[in-house]
2 protein chains.
Amino acid sequence: MNKKQIQSEQTRKKIAEAARNLFVQKGYKATSIEEITAATGSSKGNLYYHFKSKEGLFLYLLDEWDREWIAKWKEKEHLYTTSADKMYGFAEQMVREDLNHPLTKAADEFFTGDDKTCEVEDRIAEMVAEHLSFNRTLIQQGVDRGEFRATDVQSLAIVLEALVIGLSKICPRIDITQALDTYRLAIQVFLHGIAAKPES
Amino acid sequence: MNKKQIQSEQTRKKIAEAARNLFVQKGYKATSIEEITAATGSSKGNLYYHFKSKEGLFLYLLDEWDREWIAKWKEKEHLYTTSADKMYGFAEQMVREDLNHPLTKAADEFFTGDDKTCEVEDRIAEMVAEHLSFNRTLIQQGVDRGEFRATDVQSLAIVLEALVIGLSKICPRIDITQALDTYRLAIQVFLHGIAAKPES
DNA sequence: TCGTATACTGAACGTTCGGTCAATATCTTA
DNA sequence: TAAGATATTGACCGAACGTTCAGTATACGA
């Protein structure tokens with residue numbers, strides 16, 4: 001690789017990192033291109049040389065994020081024996097990686113934003129589908145192992161996703177140890193419910 | 001009341017209603033003051049005569065919304081005998097009143113928006129607190145009746161809130177009957193869990 | 001060494017939008 | 001009916017923001 005190409009790659013990363021930090025702190029809309037360039041030291045035009053648009057930049061970060069998340073999960077997944085353990089592990093990674101993760105807040109804001117390109121809509125749909133698929137696998141494994149009873153794994157995957165999304169929206173207000181507790185409790189409820197007697 | 005005061009009241013309502021419709025359709029940010037005034041037939045300045053700001057207008061609508069919701073709940077609450085029934089009823093009202101409710105999307109966007117006044121922050125905190133209090137009561141009743149087992153009602157209230165928030169974020173993509181099913185399933189899971197064996 | 005592709009600059013643009021204000025109309029009250 | 005309170009108008013302001021582009025610098029290949 002050229003000296004020039006390396007340099008270029010570095011600026012690209014630098015921009016991405018600065019953008020990531022700002023999106024984390026301030027959200028998507030509140031972060032202006034100007035601020036990002038100010039944080040990198042490079043110029044507006046340069047950002048647009050490396051990234052198609054603000055949306056494109058954000059989408060790039062989302063991809064990066066997803067890849068890292070999956071990689072981290074793959075690392076840990078085999079450590080858990082039971083499916084229930086896996087669930088708690090899943091919750092823990094959610095808290096540790098996502099709750100403080102740069103992009104959670106921004107992503108959420110981005111998703112609910114008004115001005116979405118078709119490309120973005122598609123990408124979002126894709127990400128949701130991936131999540132559901134992940135959850136489905138998680139639950140299905142438990143069912144196969146005889147740990148969980150479930151007639152409709154797909155619907156349960158949706159419920160789990162809802163739970164996780166909701167938690168991520170509520171928990172930023174509290175500190176991490178409380179968040180961990182809340183997530184654990186949520187998974188516990190998901191597994192055992194709160195009814196005094198087992199279902200008839 | 002004066003003829004003038006009545007007229008004034010009417011314009012106020014008219015503006016509120018137009019704003020509500022637009023916020024529903026387009027979300028908070030995407031709805032401009034100009035559009036609202038165009039929909040009412042009155043002027044920009046007049047809107048600012050009746051409402052302090054766009055935020056203020058939206059806050060007013062939120063209040064209205066909450067009041068209506070509570071009123072509707074009070075109407076139905078006594079129809080349910082067991083606490084479990086109440087839970088399902090709660091879920092049903094959520095779907096019927098909020099899922100398609102004008103302001104759900106806008107409110108969500110508004111909450112995650114960047115430019116919040118202190119006043120708004122406070123109002124949001126207040127609303128969250130109210131919701132949690134509502135949930136707490138719901139769960140506590142079940143505990144008192146011996147239907148639910150719970151050591152930490154407050155935390156469970158948070159988990160329930162998370163579930164509801166998450167569901168409301170996922171379900172708009174699907175039609176109402178499916179949404180009802182999903183909500184019911186979620187409550188069922190909340191009550192009974194998915195583990196094969198009862199908790200040790 | 002020179003031409004060229006690549007990397008980078010930053011001023012300027014166009015647009016959007018919330019909010020203001022001086023002027024005006026309308027109604028109330030004394 | 002005159003004075004004053006109340007309601008309404010809409011042109012205008014200023015700031016923010018994403019994006020563009022004509023131009024400059026730098027490193028590479030020949």
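Reminder, nothing fancy here: chain letters follow the sequence lines and each chain counts from 1.
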Visitor: Would you say A:M94 and A:I70 are hydrophobically clustered, going by side-chain heavy atoms of ILVMFWY under 4.5 Å?
Guide: yes

Visitor: So, B:K54 side chain and B:Y28 main chain: donor-acceptor pair closer than 3.5 Å or not?
Guide: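 Side chain of B:K54 to backbone of B:Y28: a pair is present.
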
Visitor: A:Q140 vs A:D144, test: side-chain hydrogen bond (donor to acceptor under 3.5 Å, both in side chains). Steps then yes/no.
Guide: CA-CA 6 Å; A:Q140 189 60 56; A:D144 293 343; 3.0 Å; yes

Visitor: Earliest and latest nucleotide of DNA chain C, 5' to 3', sitting under 4.0 Å from a non-hydrogen atom of chain A?
Guide: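 The contacted stretch runs from C:dA5 to C:dA12.
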
Visitor: Taking the side chain as every heavy atom from C-beta outward, state whether A:W69 and A:F134 have any pair of such atoms under 4.5 Å apart.
Guide: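 Touching, per the 4.5 Å side-chain cut-off.
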
Visitor: OH of B:Y49 versus C1' of D:dG10: gap in Å, rounded?
Guide: 17 Å

Visitor: Show me the protein contacts with nucleotides 26-28 of chain D, counting only N or O atoms at under 3.5 Å.
Guide:
residue	atom	partner	partner atom	Å
D:dT26	O2	A:K4	NZ	2.9
D:dC28	OP1	A:K3	N	2.9
D:dC28	OP1	A:K4	N	3.3

Visitor: Separation of B:Q10 atom CD from D:dA7 atom P, in whole Å?
Guide: 13 Å

Visitor: Considering only NZ, NE, NH1 and NH2 on the basic side and carboxylate oxygens on the acidic side, decide whether B:E92 and B:R96 come within less than 4.0 Å.
Guide: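 Result for this pair is yes, salt bridge flagged.
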
Visitor: For B:K14, is there any backbone N or O sitting under 3.5 Å from a side-chain donor or acceptor partner on B:T40?
Guide: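 Such a contact is absent between B:T40 side chain and B:K14 backbone.
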
Visitor: Using whole Å, report how far CD of B:E34 lies from P of D:dC12.
Guide: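 For the pair B:E34 CD and D:dC12 P, the rounded distance is 13 Å.
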
Visitor: So that I can tick it off, tell me whether A:E9 and A:R12 are bridged by a salt bridge, with the cut-off set at under 4.0 angstrom between side-chain N and carboxylate O.
Guide: no

Visitor: Using a 4.0 Å cut-off on heavy atoms, which residues in residues 35-47 of chain B reach DNA chain C? List them by number, or say none.
Guide: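 Under 4.0 Å from DNA chain C: B:K44, B:G45.
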
Visitor: Output the rounded distance in Å from CD1 (B:I15) to P (D:dA7).
Guide: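 Rounded to whole Å, this separation is 12 Å.
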
Visitor: Side chains of residues 77-86 of chain B: which donor-acceptor partners sit under 3.5 Å, not counting sequence neighbours?
Guide:
residue	atom	partner	partner atom	Å
B:E77	OE2	B:K86	NZ	3.3
B:H78	ND1	B:E75	O	3.2
B:T82	OG1	B:D85	N	3.0
B:S83	OG	B:G142	N	3.3
B:K86	NZ	B:Q141	OE1	2.7

Visitor: What's the NE2-C1' distance between B:H50 and D:dT9, to the nearest Å?
Guide: 12 Å

Visitor: B:I33 has an atom CD1; how far is it from atom C1' of D:dT9, in whole Å?
Guide: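 It works out to 16 Å between those atoms.
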
Visitor: Sequence neighbours excluded, which residues qualify as side chain to side chain contact (heavy atoms under 4.5 Å, CB included) partners of B:D175?
Guide: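 By the side chain to side chain contact (heavy atoms under 4.5 Å, CB included) rule, B:D175 matches B:T177, B:Q178.
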
Visitor: For DNA chain C, whose closest nucleotide is more 5', that of A:Q7 or that of B:Y48?
Guide: A:Q7

Visitor: Is a salt bridge present between A:K13 and A:E64, judged by a nitrogen-to-oxygen distance below 4.0 Å?
Guide: no

Visitor: Tell me, which pairs form a side-chain hydrogen bond (donor to acceptor under 3.5 Å, both in side chains) where one or both residues lie in residues 154-163 of chain B, sequence neighbours left out?
Guide: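 Matches after skipping sequence neighbours: B:H131-B:E161, B:N135-B:E161, B:R136-B:Q154, B:D152-B:S155.
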
